[in-house]
Each structure stands twice: as structure tokens, then as C-alpha cells.
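Shown next, in C-alpha cells, is the structure this report addresses.
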Amino acid sequence: MNKRKVFELRRKGLHDMEDIAIQKQHLKLKLTARERLNILFDEGSFFELNTFAEPAKAIKKNQNAYGDGVIVGRGLVQGRSVFAYAQDFTVMGGSLGYTHGTKIAKVQEMALKFGAPCVGLIDSGGARIQEGIHSLSAYARIFQNNVKSSGIIPQFSVILGPAAGGAVYSPAMTDFVIMTNKTSYMFVTGPEVVKEVLNQDITMDELGGGNIHAEKSGVAHFVFEDEEHAIVQVRKLLSYIPLNNFDALPVSTDISFNEERQEYLNKIVPDDTNRPYDMKEIIHILVDNNSFLEIHEKFAQNIIVGFARLDGKTIGIVANQPKVMAGTLDINASVKGARFVRFCDAFNIPILVLEDVPGFMPGIEQEHTGIIRNGAKLLYAFCEATVPRITIITRKAYGGAFVVMNSLGIGGDFNFAWPTAEIAVMGPAGAIKIVNRTELAAATDKVSLEKELVEKYKDEIANPFKAEELGMIDDVIKPSDTRKVLITAFDILSNKQYAQPERKHGNIPL
Ligand code: HXC
């Protein structure tokens with residue numbers, strides 16, 4: 001047949017995928033790969049590659065195999081270059097064979113070479129069974145590319161269907177995992193294997209649905225009701241971050257903020273130091289209007305992480321949340337914080353820490369599951385970060401947690417405290433029981449003495465003026481001045497230089 005005719009016919013086939021397959025996909029409340037790419041990219045900007053790829057000849061079936069089940073190429077997001085692959089479940093369940101895997105690897109390699117983010121829209125039955133080991137080697141190349149790209153270009157995985165077995169590792173190594181709560185799931189072994197090996201009954205959703213991964217495992221940074229919101233989230237995230245580790249941060253021209261609410265910061269911290277308040281309120285007041293984009297919102301809620309803009313410029317925020325577990329740092333919070341700090345550092349995003357932390361979480365469960373090893377991840381991440389780093393201590397900053405949360409001692413560039421700050425080795429209740437043990441044992445009115453000693457400790461030891469006197473912080477500031485102080489301080493740090501001896505890489509406690 002005439003080559004031009006073949007081209008037209010096949011091009012037509014590609015764009016009108018078999019109706020039944022599309023209907024099946026829609027019935028599952030899922031979109032097709034092309035519909036998804038249309039949401040991700042600016043209209044008409046998608047530039048497809050390897051459109052006519054087909055499965056390896058040996059296993060070629062007489063069926064719809066267009067593109068070998070994956071669409072790859074480059075498009076624009078808000079006019080910026082982004083590479084993507086979208087697995088097409090209508091073609092052999094989006095399973096990954098040699099050609100399919102090679103297409104993904106190629107687009108990853110182009111993204112890395114041309115310094116643009118890479119987005120995976122994942123909907124796949126995993127390794128294509130008929131292609132055996134060829135599928136596995138294609139996966140291996142994808143994993144290797146994930147790691148080669150890590151810290152050089154941002155990588156996103158949007159899970160819009162199954163991701164099972166080894167297929168979960170590529171998403172796990174990318175910077176952001178986004179799921180839907182009804183149509184996507186991720187697990188290393190599915191419910192059938194769980195039943196066979198452990199005799200436990202569990203549904204796919206309970207085992208690895210979007211909500212589970214957003215709330216319990218922390219694998220998913222975001223979970224959404226539908227695919228459209230999940231994909232749009234990539235566009236939102238991209239508006240805060242650079243295209244690669246040498247690219248400048250995007251700057252917004254909208255620098256509006258809530259001027260009237262700044263005064264409220266002077267009274268937001270309750271007089272009773274054990275009463276909670278919402279750190280997110282402080283964040284919203286400090287940053288540009290509507291600019292806070294929280295990450296991992298449902299996981300380890302005792303710590304808050306996310307991007308925001310301050311005077312139009314992107315910052316990463318790490319904040320203790322006194323409303324949840326009094327803001328104590330446990331294993332999950334430490335790991336969540338550490339991963340975010342490392343992302344910000346890799347992509348040159350300045351970090352703001354808002355601190356109100358009574359300490360690390362005590363207890364047998366935490367000790368036995370590794371709070372030492374995991375808490376050290378957060379410490380390590382802050383210690384090694386070379387981006388501008390500022391801490392505001394709003395209230396408690398006790399013990400190791402004071403040091404960990406970006407103190408001057410571990411390389412924080414500026415530490416400021418509000419007058420309500422309590423900075424010391426430990427909280428007053430614990431401290432007086434050790435320091436004043438004999439006095440307390442001999443006291444007739446123990447309660448009054450305890451009260452008196454606590455006040456004395458707060459006045460003489462655990463206060464921000466003492467910390468400033470000793471050079472542990474840079475200044476005590478009026479809470480309503482915080483935004484102004486931060487804008488100036490980040491400006492001072494905008495040309496921060498750093499140098500350290502060459503090494504292959506550090507050895508973060510994993
Ligand atoms: C080949 C596959 C396939 C696969 C699905 N299909 N998965 N073909 N290899 N891995 C095909 C089906 O045969 C079917 O073809 C079409 O895709 C749609 O699948 P359905 O089963 O009809 O869809 P659904 O009911 O929605 O179920 C989806 C599914 C199920 C849950 C993903 O297909 C499934 O369990 N597939 C196998 C999953 C799996 O075990 N994969 C290997 C994981 S191990 P027809 O022609 O009927 O339309 C792995 C190792 C990677 O990935 C290691 C990397 C290091």
C-alpha cells in the first residue's frame with residue numbers, strides 16, 4: 001500500500017482508539033491517555049514522539065497496539081517545557097513491554113538532557129507478561145533514569161489506575177506522587193498474594209488506594225476525587241518550582257497579602273503555653289494571598305510542609321503544628337520534613353521554618369520503630385541544606401528539637417523569635433523535676449512550689465531574651481513585623497554562597 005495512505009490510516013487509528021476500549025475506560029471513571037495529556041498541557045502544545053511504535057514482533061497480537069500502550073512527548077505548561085508519558089490502558093492494559101518501556105526511558109532521558117521536568121501519567125497492569133524478561137529490563141532502565149534525574153529535574157508520578165509490583169518503584173523515586181481516591185492503587189503485592197501468604201482479607205482500595213497512601217503510608221503527596229484535579233495539581237506545583245536545578249525560580253507578579261491580619265499575629269499564640277493554635281493560620285497570614293500549597297496534607301499532620309510565595313518569590317515552608325500532637329516530632333513527621341527539605345535544597349528553594357516544638361515523641365513504640373534513625377533524617381537534611389534558611393520560633397523550642405528545626409548551630413542563616421518563645425534544654429515541667437528534685441521532695445505544698453519554680457524557669461532560663469543574650473538567635477521580633485523581616489532577610493540571603501570539600505555523596509541515615 002502507498003506509504004502516505006498507510007500513514008493516514010494509522011494516524012487515524014491512533015486518534016480514534018477503538019470505541020469499546022474508550023467506553024470501558026470511561027465506565028471505570030477514568031480518562032484516556034490523550035484526554036489526560038490534554039489536561040496536563042497548554043492547548044495544542046503537545047509534541048508527540050514515536051507515535052507509531054509497536055510491540056516487539058515476537059509477541060505481536062492481532063489487536064489494537066497503537067504506540068505500544070504509551071504516549072510520549074513534550075508539551076508546555078504555562079508556556080514552559082515539560083516532558084511526559086501517559087500509559088494507555090486501552091492497549092493491553094497499559095502493560096509495559098520492551099518498546100513501551102524504551103519509549104518512557106527515551107522521554108526521561110530527553111527531559112534530563114534538555115533540563116525539563118518529567119511527568120508520568122500511570123495506568124498500567126505492570127510488566128507485560130508475554131514479553132517476560134524484556135519488560136523487566138525496560139523497567140530497570142526507567143528506575144535508573146529516575147535516579148539519574150533525581151535532584152536535576154523535578155519528577156512527577158500521577159497514578160490514575162493500577163501500579164502494582166515492581167511498577168511502584170519508579171513513582172516512589174520521583175519527587176511527587178499524586179493519586180485519585182477511587183480509581184488508583186499502588187502495592188508491592190496485591191490482595192490475592194496477601195490472602196495466600198498471610199490469610200488476610202483486604203480489598204485493593206484498603207490495601208493501596210489513594211487515601212491509604214495519602215494518610216497512612218505517606219507514599220502519595222496528594223489525593224484527589226477525580227483525575228482532572230490530580231493532573232491539574234502538576235500544573236500548580238510547576239508554577240512554584242524551577243524546570244531544573246540550574247533554572248531560576250518562577251516569580252509571580254501578584255504580591256498582594258493580608259495587611260490587616262498582620263496585627264493578629266501579636267495575639268495568636270495563647271497565654272497558656274499548653275493551649276494549641278493553628279500554625280496554618282500563621283502561614284496564610286505571612287505569605288502572599290492564596291499562595292500556600294500544602295504537600296502531604298493528610299500525612300503526619302504534626303508537621304506542615306508546602307510551597308508558598310513571599311513577595312512573589314517561592315519559598316518552602318516547614319512548620320510544626322501545635323494543633324496536632326502538640327507539634328511533637330515523631331518518625332513520620334521527621335521523614336516527611338526531611339524529604340521536603342531535600343527537595344527544596346536540590347532545587348534552590350529557600351526554606352522558612354516556623355517552630356513550636358516541645359521535642360521528639362517519647363515512647364516505646366517510637367523508640368523501637370526507630371525515632372533515632374528517622375529523627376536523624378530531618379537533622380541531616382537541615383544540616384546539609386545550603387539554600388537560604390530562616391527560622392521563626394513562635395513558642396516552644398526545646399531540646400534536640402530546637403537544634404533540629406534549622407537552628408543557627410546547624411547552619412540556619414537567621415533565627416528570629418517571637419516574645420512568646422520558650423527556648424531551653426527541656427520544658428519547665430520536666431526541668432524542675434530534675435533540677436529541683438530535693439526541694440520538691442521536702443516541700444509541704446508541692447503544687448504551689450512547682451508552680452513557682454515553673455514560672456522562675458520560664459523567666460530566667462526558657463525565654464527568647466536569654467537565647468539572644470547567648471547568641472543562639474538573631475533577634476526577638478514583633479510578630480506583626482514578621483513578614484517584613486522575612487522579606488528583608490531572604491533578600492539579604494539571595495546571593496548566598498557556599499562551598500564544601502568535594503565528596504561522592506554523604507550517607508544520610510536511611
Ligand atoms: C499483559 C495485561 C497485563 C499484563 C493487563 N493486561 N495486565 N497484558 N501483561 N501485565 C491486559 C489484559 O489481559 C486485558 O487484555 C487488558 O490488559 C485489560 O485488563 P483487564 O484485566 O481486562 O482489566 P481490569 O479488569 O481493569 O484489571 C486490571 C488489572 C488486571 C488489575 C491490572 O489486568 C491485572 O491483574 N493484570 C495483571 C497485573 C500483574 O500481575 N502485573 C504484573 C505485575 S509484576 P484483553 O486483551 O483481554 O483486553 C510487575 C513486575 C515489574 O509488574 C517488575 C519491575 C522490576
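Atoms within a ligand are numbered from 1 in the order they appear, just like the ligands themselves.
- Minimum heavy-atom separation, Pro154 to Pro242: CG-O, 3.4 Å.
- Close contacts between ligand 1 and Pro162 involve ligand atoms 32 (C) [criterion: under 4.0 Å to a heavy atom].
- With a 4.0 Å cut-off on non-hydrogen atoms, Tyr169 does not touch ligand 1 at all.
- Residue Leu96 does not touch ligand 1, judged by heavy-atom distances below 4.0 Å.
- When each atom of ligand 1 is checked for a heavy atom of Tyr185 under 4.0 Å away, the hits are 31 (C).
- Phe176 and Phe307 have perpendicular rings, their planes meeting at more than 60° on a 0 to 90° scale where under 30° would count as parallel.
- Considering backbone and side-chain atoms together, Ala167 places no N or O closer than 3.5 Å to any N or O of ligand 1.
- Taking a 4.0 Å cut-off on heavy atoms, Lys28 registers as neighbouring ligand 1.
- Only side-chain heavy atoms of Ser95 come within less than 4.0 Å of ligand 1; its backbone N, CA, C and O stay farther off.
- Residue contacts with ligand 1: Ala127 is placed with a nitrogen or oxygen under 3.5 Å of a nitrogen or oxygen of the ligand (distance criterion only).
- Under the 4.0 Å criterion applied to side-chain N and carboxylate O atoms, Lys28 and Asp123 are not assigned as salt-bridge partners.
- For a threshold of 3.5 Å applied to N or O pairs, the pair formed by Gly125 and ligand 1 contains at least one separation below that value.
- One finds a salt bridge joining Asp68 and Arg128 here, because a Lys/Arg side-chain nitrogen approaches an Asp/Glu carboxylate oxygen to under 4.0 Å.
- Using a cut-off of 4.0 Å between Lys/Arg side-chain N and Asp/Glu carboxylate O, Glu294 and Lys280 are scored as salt-bridged.
- For ligand 1, the atoms sitting less than 4.0 Å from at least one non-hydrogen atom of Ala164 are 52 (O), numbered in the order shown with element in parentheses.
- Salt bridge annotation for Lys182-Asp226: absent, with no cationic side-chain nitrogen under 4.0 angstrom from a carboxylate oxygen.
- Not a single N or O atom of Phe89, backbone or side chain, sits closer than 3.5 Å to an N or O atom of ligand 1.
- Annotation for Val387 and Lys496: closest pair O-NZ, 3.0 Å, computed over non-hydrogen atoms.
- Residue pairs meeting the salt bridge (charged side-chain N to carboxylate O under 4.0 Å, His left out) criterion with at least one partner in residues 196-206, sequence neighbours excluded, are Lys195-Asp201.
- Interface atoms of ligand 1 facing Tyr139, defined by a heavy-atom separation under 4.0 Å, are 51 (C), 54 (C).
- A salt bridge does not link Arg74 to Glu48: none of the charged nitrogens lies less than 4.0 Å from a carboxylate oxygen.
- Close approach of ligand 1 to Met92 is summarised as follows: ligand atoms under 4.0 Å from at least one heavy atom of the residue are 2 (C), 6 (N), 8 (N), 11 (C), 17 (O).
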